[in-house]
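The next block holds one structure in the form of C-alpha cells; read it before the comments.
As a basis for the values below, the full set of heavy atoms in this structure was taken, side chains included, without hydrogen atoms, waters or symmetry mates. This chain uses plain numbering: 1 for the first residue, then up along the sequence.
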Amino acid sequence: MKTSFNLSDFPLWTALVTPFDTQNNVDFDTLARLVEEQVAANNGILLLGSTGEGLALTLDEQKHIVEFVCDLSPTVPLMVAVGGINLQAQLDWVSYCNDLPIHAFLLGTPLYAKPGVVGQTHWFDALLSATSLPCMLYNVPGRSAVAIAPQVLSNLQHHDNLWALKEASGDISKFEAFRKAAPNVAVYSGDDGLIPYFAQAGAAGLVSVASNAWPQQTAEFVRRSLAGTFPNLFTTWTDAVHSLFEVASPVPVKVLMHQQGRLVTPNLRPPLTHLELNNTVALSAANDTILAWN
C-alpha cells in the first residue's frame, strides 16, 4: 500500500546516486543503506535523475532499482525521473511507474532536439496527462541544451498535478520569472550552492547532490536557509559545494562517498569515470568541514 505524503513537508530531495559494484553492476545492498540514510534525515528521494545516472542504465536496471526501493517501503516520498528524447518511451515509463508505490515524477526537457515553447508545451502536456501523480518539471539547460521558457510553465497551469519546478539554470532572474509566470507552482533550487539566494526569493526547497554525501547536514542547511538563519554558514557551505562540481557531477560526490566508506567503488557508467578527478584535496577538506557541523 502506498503511503500518502504532503510533498511540501519535504524541502530537501536527494537526487540519489546509483552505486555500482566492482563488476559495474548495480550494488543493491549499498543502495538499501543509502536509502536508510536519507530516511533517517527525513529527505525525499529522487531516483534515476542525472545524479543517479538514469540515462546510462538499461531499462531493466531502471525498473529493478525503482521496484527495489519501493519494496523497502521508505517512510519518505519517492520521486522518479522521466527523461530522454523519445516521447512514447517516456509515456511507457510513466505508465509503468504509475502502478508502483511512488509519489511524484521529475519531468525533464527532451534532450538534443532543442524544442521551442510549442514543442516543450506539447512534451510536458503529454507527460502530465499520462499520470495523476504530482510532477516537478526540470529546467537544466546545461544538460538538455534547451531552457524551459516561463511561458511553458504558464501554458501548463491547467494541469492540477503540475506541482513544482526544479530550476537549475543558475540564473536567479530566471527563477523570479518562473514564479511570476506560475505563482502556484513551487520552485525548488537545483543548485546546491544557490539555495540561500533562492530561499530569499521564495524557493520551496532544494533538489540536492550534496545530500548524498552529507544527508543530515544538508537538511539542516536547507532548513536554516529557508528560515533565513544561515549567514554564519553560507561561505563554508559554498566552498564545500564547489568541490562537488570540479568535474561533471556525479563524479566528485561518488568519489567522496567512496572515501567516506559508503560506496564500495567510485565507479560510474561510461562516458563518466572517476578517473576525471585527479586531485581530491578539496573534497577531503570540504568533507571534514561539513561533518564538523554535527
Arg223/Glu220 ion pair, N-O < 4.0 Å: yes

Any side-chain to backbone donor/acceptor pair from Asp191 onto Gly193? Under 3.5 Å, distance only. no

With side-chain hydrogen bond (donor to acceptor under 3.5 Å, both in side chains) as the criterion, how do Gln38 and Ser211 come out once you've worked through the C-alpha distance, each side chain's angles and the decisive distance to 0.1 Å? CA-CA 8 Å; Gln38 298 302 326; Ser211 54; 4.6 Å; no

Test of ring centre spacing under 6.0 Å for His159 and Phe124: no

Do Arg269 and Glu61 sit within salt-bridge range, that is, some charged N less than 4.0 Å from a carboxylate O? yes

Output yes when a side-chain donor or acceptor of Lys254 lies under 3.5 Å from a complementary backbone atom of Asn267, and no otherwise. yes

Donor-acceptor pair, side chain of Asp125 and main chain of Leu156, under 3.5 angstrom: no

Checking the side chain of His274 only, and the main-chain atoms of Val255 only, is there a donor and an acceptor separated by less than 3.5 Å? no

May I ask you to check if Lys166 and Tyr188 form a cation-pi contact, with NZ or CZ under 6.0 angstrom from the six-membered ring centre and within 45° of the axis? no

Which of Leu34, Ile65, Leu31, Leu268 passes side chain to side chain contact (heavy atoms under 4.5 Å, CB included) with Thr18? Answer is Ile65

Parallel, tilted or perpendicular: which one describes the rings of Phe68 and His64, with boundaries at 30° and 60°? perpendicular

Would a distance-only check, ignoring hydrogens and angles, find a side-chain to backbone donor-acceptor pair under 3.5 Å from Asn287 to Leu256? no

